[in-house]
Protein chains: 2
Amino acid sequence: MEIGNESRNLQNQPVVDKELVEEVKHKMPDEELLYDLAEFFKVFGDSTRIKIIWALFEADMCVCDIANLLNMSQSAISHQLRVLKNSRLVRYKKSGKTVYYSLNDDHIKKIFELGMEHIME
Amino acid sequence: MEIGNESRNLQNQPVVDKELVEEVKHKMPDEELLYDLAEFFKVFGDSTRIKIIWALFEADMCVCDIANLLNMSQSAISHQLRVLKNSRLVRYKKSGKTVYYSLNDDHIKKIFELGMEHIME
DNA sequence: TTAACATGTGAACATGTGTTCATATGTTCA
DNA sequence: TGAACATATGAACACATGTTCACATGTTAA
């Protein structure tokens with residue numbers, strides 16, 4: 001959890017272009033919105049979750065098959081699926097004992113592609 | 001740093017659809033590529049860096065003005081700018097004592113917009 | 001019901017990460 | 001040159017995060 005910075009005392013810092021700072025300050029989106037955006041990207045910032053998402057591009061899969069695919073424990077996958085679920089990136093469908101997960105968002109593939117473009121450059 | 005999972009012993013895990021697992025396994029991109037992709041998104045997963053990037057959408061800015069804008073210490077901003085620089089998301093131009101940072105990538109704005117679309121839904 | 005199974009979850013642990021502090025580097029101007 | 005300034009950086013610290021382990025929950029089939 002990141003804490004607010006209201007109580008800090010950084011008033012006396014040097015400024016080069018005070019006018020610009022004030023102008024940009026007014027244009028900045030709400031603190032909370034930017035925080036949520038960072039939280040959203042944080043979900044993509046783990047290679048296990050990236051692999052899970054990539055796998056779900058190919059096919060809807062159940063927890064134990066994802067665990068097998070990635071050679072990781074069922075528990076670890078389940079924990080990560082919860083993170084993805086909380087960010088509304090995946091949805092699930094129960095079928096008896098097994099639970100099938102699928103992608104829940106059309107933006108995801110585009111975001112991946114743009115990320116790929118960057119790291120390939 | 002994440003460690004490899006070659007030495008783990010998860011061979012005896014249950015599988016529901018072995019064929020599917022094998023098929024997807026062959027289609028998966030290289031481990032390293034997915035790792036790099038996660039590392040890339042990790043950079044976006046911090047609200048300070050998100051704010052810095054957002055500020056640089058508006059204008060090129062020097063370190064101390066960014067620090068003022070975000071009401072954070074110059075050191076903290078400088079550290080984060082290094083992270084952004086290492087990911088080739090920003091570039092800098094020296095002008096005497098001051099160093100001006102600017103965005104280095106056309107994908108960034110698109111990625112932000114897609115992220116916004118998701119969290120706004 | 002009971003056994004076997006698939007998944008979910010809380011606690012603990014190790015590791016990763018962001019900020020602060022003190023200080024170094026490098027520039028400008030007197 | 002020396003003082004003031006803008007930025008960079010290493011170490012330390014607190015906090016966040018991912019995985020493991022043990023176990024709970026809920027389902028199926030005998």
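Lettering follows sequence order; numbering is per chain, from 1. Predicted model, so just to flag it, every value in this text is computed and none were measured.
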If you look only at pairs with a residue in [range], which of them pass as a salt bridge (Lys or Arg N to Asp or Glu O under 4.0 Å), with sequence neighbours excluded?
range                       : result
residues 112-121 of chain B : none
residues 82-92 of chain B   : none
residues 58-77 of chain A   : A/Glu58-B/Lys27

[X] [atom1] to [N] [atom2]: how many Å, rounded?
X       : N      : atom1 : atom2 : result
B/Asp46 : D/dC15 : CG    : P     : 16 Å
A/Lys93 : C/dT7  : NZ    : P     : 15 Å
A/Asp17 : D/dC5  : CG    : P     : 18 Å
A/Phe41 : C/dT17 : CZ    : P     : 18 Å
B/Met72 : D/dA6  : CE    : P     : 19 Å
A/Asn68 : C/dT7  : CG    : P     : 10 Å
B/Arg49 : C/dG18 : CZ    : C1'   : 8 Å
A/Asp65 : C/dT7  : CG    : C1'   : 13 Å

Inset, instruction - Locate the shortest heavy-atom distance separating B/Gly115 from A/Leu37; write the atom from each residue and the value. - result: C-CD1, 3.7 Å
Inset, instruction - Would you please classify the geometry between the B/Phe44 ring and the B/Phe112 ring as parallel, tilted or perpendicular, with 30° and 60° separating the classes? - result: perpendicular
Legend entry - C/dT19 OP1/OP2 closer than 4.0 Å to side-chain N/O of B/Thr48: yes
Inset, instruction - Return no unless some side-chain N or O of A/Ser73 is found under 4.0 Å from OP1 or OP2 of D/dT20. - result: yes
Inset, instruction - Sort and list the pairs that fulfil ring pair (Phe, Tyr, Trp, His ring centres under 6.0 Å) and have at least one residue in residues 65-98 of chain A, not counting sequence neighbours. - result: A/Tyr92-A/Tyr101
Inset, instruction - Identify whether any heavy atom of A/Tyr101 sits under 4.0 Å from a base atom; if not, whether one sits that close to sugar-phosphate; answer base, sugar-phosphate or nothing. - result: sugar-phosphate
Please list, pair by pair, any protein nitrogen or oxygen found under 3.5 Å from a nitrogen or oxygen in nucleotides 25-30 of chain C.
none

Legend entry - Test side-chain contact (heavy atoms from CB on, under 4.5 Å) applied to B/Val83 - qualifying residues, sequence neighbours left out: B/Val43, B/Arg49, B/Gln80
Inset, instruction - Determine which nucleotide pairs with C/dA30, using a 3.5 Å limit on both distances of a Watson-Crick or G-U wobble pair. - result: D/dT1
Legend entry - Those residues of residues 74-84 of chain A lying under 4.0 Å from DNA chain C by at least one heavy atom: A/Gln74, A/Ser75, A/Ser78, A/His79, A/Arg82
Inset, instruction - Taking only the side-chain heavy atoms of A/Lys42 (C-beta and beyond), determine which of D/dT17, D/dT7, C/dG8 contains the nearest atom. - result: D/dT17
Show every donor-acceptor pair shorter than 3.5 Å between a side-chain atom in residues 16-23 of chain B and any protein atom, with sequence neighbours excluded, or say none if there are none.
residue : atom : partner : partner atom : Å
B/Asp17 : OD1  : B/Glu19 : N            : 3.4
B/Asp17 : OD1  : B/Leu20 : N            : 3.0

Inset, instruction - Check ring pair (Phe, Tyr, Trp, His ring centres under 6.0 Å) between A/His118 and all other residues, then give those that pass, not counting sequence neighbours. - result: B/Phe40
